[in-house]
Chemist: 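Quick one: this structure, given as structure tokens, is what I'll be asking you about.
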There are 4 protein chains.
Amino acid sequence: MKKDKPKYRIIIDAAVTVIAENGYHQAQVSKIAKQAGVADGTIYLYFKNKEDILISVFEEKMSLFTDKLMEILETEMPASDKLKFMIENHFDVLSADRHLSIVTQLELRQSNHDLRMKINGVLKEYLVLLDVILKEGMESGEFDQDMDIRLARQMVFGTMDETITTWVMNDHKYDLVRLAPKVHRMLMKGMRA
Amino acid sequence: MKKDKPKYRIIIDAAVTVIAENGYHQAQVSKIAKQAGVADGTIYLYFKNKEDILISVFEEKMSLFTDKLMEILETEMPASDKLKFMIENHFDVLSADRHLSIVTQLELRQSNHDLRMKINGVLKEYLVLLDVILKEGMESGEFDQDMDIRLARQMVFGTMDETITTWVMNDHKYDLVRLAPKVHRMLMKGMRA
Amino acid sequence: MKKDKPKYRIIIDAAVTVIAENGYHQAQVSKIAKQAGVADGTIYLYFKNKEDILISVFEEKMSLFTDKLMEILETEMPASDKLKFMIENHFDVLSADRHLSIVTQLELRQSNHDLRMKINGVLKEYLVLLDVILKEGMESGEFDQDMDIRLARQMVFGTMDETITTWVMNDHKYDLVRLAPKVHRMLMKGMRA
Amino acid sequence: MKKDKPKYRIIIDAAVTVIAENGYHQAQVSKIAKQAGVADGTIYLYFKNKEDILISVFEEKMSLFTDKLMEILETEMPASDKLKFMIENHFDVLSADRHLSIVTQLELRQSNHDLRMKINGVLKEYLVLLDVILKEGMESGEFDQDMDIRLARQMVFGTMDETITTWVMNDHKYDLVRLAPKVHRMLMKGMRA
DNA sequence: GATGAATGAGAGTTCATTCAT
DNA sequence: CATGAATGAACTCTCATTCAT
């Protein structure tokens, strides 16, 4: 399995660095190869094409969000708390890797239609986990039982996303994680029963 | 003034159509010219370069949102109602011009760093108007007086944006405008005093 | 006759100014029109095309050299003196109009093959007059009667031309006319009987 | 080093051929690539851009003149003889490669200001060598010790250049090398003590 | 005569991908 | 496995010239 070989991760990480530092449109395959310390052609031993690198970046990094979130889901706690941990985890991961935050919030959004569709496919898995929390909260009576779950999901994810993007566009100059409780409180107010 | 000549608008509208139908990266100047029914060179009598066309698309179309919003702001009504009209207007405009919705939600986000910064400048004017509503609501006691206004703005805009993008990515297959009241209600719950 | 109308000369002079100040490749027809204070289309009432403007610049300005030279030729004086007056006149004219010196020595030489051939046709008329001096000098015994007249012409014109070009490329920072006697003396030594 | 790879020279020579046969303004990169038998993109592995090709043509070919001239300078012989060999060598090189003579005398002079300045830099190295001969001759008493060395250089180079250009413009229809002794004799007469 | 808006052909350069070594 | 030299398609913008007014 290619994914288990060390060069696979090395190339993925090189891609994140190169995209963050040069921008999506200046992230040529040759630059990624150089950053990874391999020849251009070697990239194609591990990835089908350039798009495949980018999808893989997203897939690999997405587990940083989902692994923790799945642990949270398995615990016994109110949906509200689970939501809180989800937001905090999300903000934590991006605070810890600013290159990654630039890549996910700004650069990868410049990708073309096809790639964005594929990225959305990966993202959907994450949103499904969010839906689990929302459903739990509605069933337990914590959240408004009449709310439109898709709308709620869009509010939660849209608010988080917009908050992070604003933070990135302000050059990370304030503490994102500190905003988590406020974001949580406001969203909870909107969804509370 | 170039902007008052009919060809200026014709080219802008041609650009929206071409970008929506072909995608940002397949929207060559020659295609826009053909769609507009003018020669390639004519484009450059009205626009400095290709980026200038795209900025102008955004500026021109943004007035569809702001003109109405400014009327709303001048009336006497509760901030909650103003917010409701804002959301409805926003959804109305994009429902009425699906090409435009594709362009603003998907295609223009693929533009390069420079162009996105300029687009953000234009967008900021709109967000300032949203802030006016939020401040009014907080002063009148309708909205939570302790809420972080930037966070609230990010929730409102992030939710609207995510809602619209989801709708566009689902090929406009349901009625966006019908979602406005629900979106409004949920956001209001989150911000209410 | 177009050439007698005032706009004809106005356009010619505008062309010299524009070429000298912007360089050959930046001397667009529209710039020349603007400098001349006429519309782009008006240019084409007086000149067949852009090349025709440039040829005409050369033809018109060439008379500054030939008119005086023909006067000189008609006088009774040794060929050596005629040569001296020719060199002095040539240097005088270009010292008096530095724009023109830039145009003839540097800019017009960037023109394409066709145009250069036509310019050479005009120049040939001038070189014919030089040949007259050389022949006179050979017949009178002032100049070496065995010299190759074409070679002598190339030496005289080549030396003058190189001297002027060097002066232009040094930003006219010394007095060209003061060099004339030295140039004359040296050339005469080379050709003397 | 790129310059040592065979393709470097192949492209240079292809450029000379294409420029000579098509003219400077019709010498597209794609034509040069085709003539060289490589892909368009390959050109850019060896040269920064089109201007870099042209500079390199000049630099490489200039060594045809300077290498021999430097040998001549190192020998013990009268300055007059050195000058003679210089002229002969110059004429020899261009007689042997008529394409090159078209390129240096006609086509490359159409280049833009920047390129011409760079070419002048290369040319200056050659003129410095000519100055060495002139100084030697003046010190040994062979040449007029009062002559202005810059003027003498302009006469020598101007005469050679004009002679060659005339020959090229007459389609090389006579023997250039046979003119060398006459040119030398005439120039020597002009400079002799 | 004069205008100037409109035309449209034409070329340098980048970069993802391949494949012989 | 790894290399990296070579490939070649693709697109914005300029500007001389025209012609309806």
Side-chain angles (χ1 to χ4, degrees), chain A residues 2 5-7 11 25-34 36-54, chain B residues 2 5-8 11 25-34 36-54, chain C residues 2 5-7 11 25-34 36-54 112, chain D residues 2 5-8 11 22 25-34 36-54:
Chain A
K2 302 267 181 193
K5 306 216 176 163
K7 280 195 183 159
I11 293 168
H25 291 291
Q26 282 307 305
Q28 295 87 351
V29 171
S30 61
K31 243 180 220 162
I32 295 172
K34 196 169 194 179
V38 301
D40 294 15
T42 305
I43 298 274
Y44 291 87
L45 299 174
Y46 294 88
F47 299 91
K48 224 171 61 244
N49 51 34
K50 187 177 180 183
E51 186 173 272
D52 189 27
I53 307 175
L54 301 173
Chain B
K2 301 264 178 196
K5 302 207 179 171
K7 280 194 181 154
Y8 180 83
I11 294 168
H25 290 291
Q26 281 306 305
Q28 294 89 347
V29 172
S30 61
K31 247 180 216 160
I32 296 173
K34 196 168 194 177
V38 300
D40 292 16
T42 305
I43 300 275
Y44 292 87
L45 298 176
Y46 294 89
F47 300 91
K48 227 170 58 246
N49 50 36
K50 188 177 178 184
E51 185 174 273
D52 189 28
I53 306 176
L54 302 173
Chain C
K2 301 268 180 193
K5 305 219 178 162
K7 280 193 182 161
I11 293 168
H25 291 291
Q26 282 306 306
Q28 295 87 351
V29 172
S30 61
K31 243 181 219 162
I32 295 173
K34 196 169 193 179
V38 301
D40 293 16
T42 305
I43 298 274
Y44 290 86
L45 299 175
Y46 293 89
F47 299 90
K48 224 171 60 244
N49 51 34
K50 188 179 179 182
E51 186 173 273
D52 189 26
I53 307 175
L54 301 173
N112 63 38
Chain D
K2 302 264 179 198
K5 303 207 178 169
K7 282 197 180 153
Y8 179 82
I11 293 168
N22 300 274
H25 291 291
Q26 281 307 304
Q28 294 89 347
V29 171
S30 61
K31 245 180 218 161
I32 296 172
K34 196 169 194 178
V38 301
D40 292 17
T42 305
I43 299 274
Y44 292 87
L45 298 176
Y46 295 88
F47 300 91
K48 228 172 57 244
N49 50 34
K50 189 178 178 183
E51 184 174 273
D52 189 28
I53 307 175
L54 303 173

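For the numbers below, each heavy atom of this structure counts, side chains included, while hydrogens, waters and symmetry mates do not. Below, chains carry the letters A, B, ... as their sequence lines are ordered, and counting in each starts from 1.
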Chemist: Taking only residues at least two apart or on different chains, which pairs with a member in residues 39-53 of chain D satisfy salt bridge (charged side-chain N to carboxylate O under 4.0 Å, His left out)?
Modeler: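 Salt bridge (charged side-chain N to carboxylate O under 4.0 Å, His left out) check on residues 39-53 of chain D returns D:E51-D:K118.
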Chemist: Got a second to check how far B:K34's NZ is from B:Q28's CD, nearest 0.5 Å?
Modeler: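 Taking NZ in B:K34 and CD in B:Q28, the distance rounds to 11.5 Å.
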Chemist: Hey, which of these two, B:V38 or C:V38, hits DNA chain E nearer its 5' end, going by closest nucleotide?
Modeler: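 That would be C:V38.
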Chemist: Quick check: closest heavy atoms across C:K31 and C:Q26, and the distance to 0.1 Å?
Modeler: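 Heavy atoms of C:K31 and C:Q26 come nearest at NZ-O, 2.9 Å.
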Chemist: Convert the base pairs of DNA chain F into dot-bracket notation, remembering that pairs crossing earlier ones are written with [ ] and that bases paired across to another strand are shown as |; include only Watson-Crick or G-U pairs under 3.5 Å.
Modeler: .||||||||||||||||||||
Chemist: At what distance, to the nearest 0.5 angstrom, does CG of D:L45 lie from CD1 of D:I11?
Modeler: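 D:L45 CG to D:I11 CD1: 8.0 Å, rounded to 0.5 Å.
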Chemist: Can you measure C:L54 atom CG to F:dA16 atom P for me and round it to whole angstrom units?
Modeler: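 Result: 10 Å.
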Chemist: CD1 of B:I32 versus P of F:dC13: gap in Å, rounded?
Modeler: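 From B:I32 CD1 to F:dC13 P: 11 Å.
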Chemist: Is there a side-chain polar atom (N or O) of C:Y46 under 4.0 Å from OP1 or OP2 of E:dA2?
Modeler: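 For E:dA2, OP1/OP2 do have a side-chain N/O of C:Y46 under 4.0 Å.
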Chemist: Minimum heavy-atom separation for A:V29 and A:Y44, please, with both atom names.
Modeler: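 Looking at all heavy atoms of both residues, the closest pair is CG2-OH, 3.9 Å.
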Chemist: Atom CZ of D:F47 and atom C1' of E:dG12: how far apart are they, to the nearest Å?
Modeler: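 Interatomic distance, CZ of D:F47 to C1' of E:dG12: 15 Å.
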Chemist: Indicate, with a heavy-atom threshold strictly under 4.0 Å, whether C:K31 touches base, sugar-phosphate, or nothing.
Modeler: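 The residue C:K31 makes no contact with any strand.
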Chemist: Can you check each nucleotide of nucleotides 13-21 of chain E against protein heavy atoms at under 4.0 Å and return B for base, S for sugar-phosphate only, - for none, in 5' to 3' order?
Modeler: BBSSBB---
Chemist: For the atom pair CD1 (A:I32) and CD1 (A:I53), what is the distance rounded to the nearest 0.5 Å?
Modeler: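 Interatomic distance, A:I32 CD1 to A:I53 CD1, rounded to 0.5 Å: 4.5 Å.
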Chemist: Would you say E:dA2 has OP1 or OP2 under 4.0 Å from some side-chain N or O of C:K7?
Modeler: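 Yes, within the criterion.
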Chemist: Categorize C:K34 for me: base, sugar-phosphate, or nothing, with a 4.0 angstrom heavy-atom threshold over every strand shown.
Modeler: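 The answer is nothing, as C:K34 stays clear of every strand by at least 4.0 Å.
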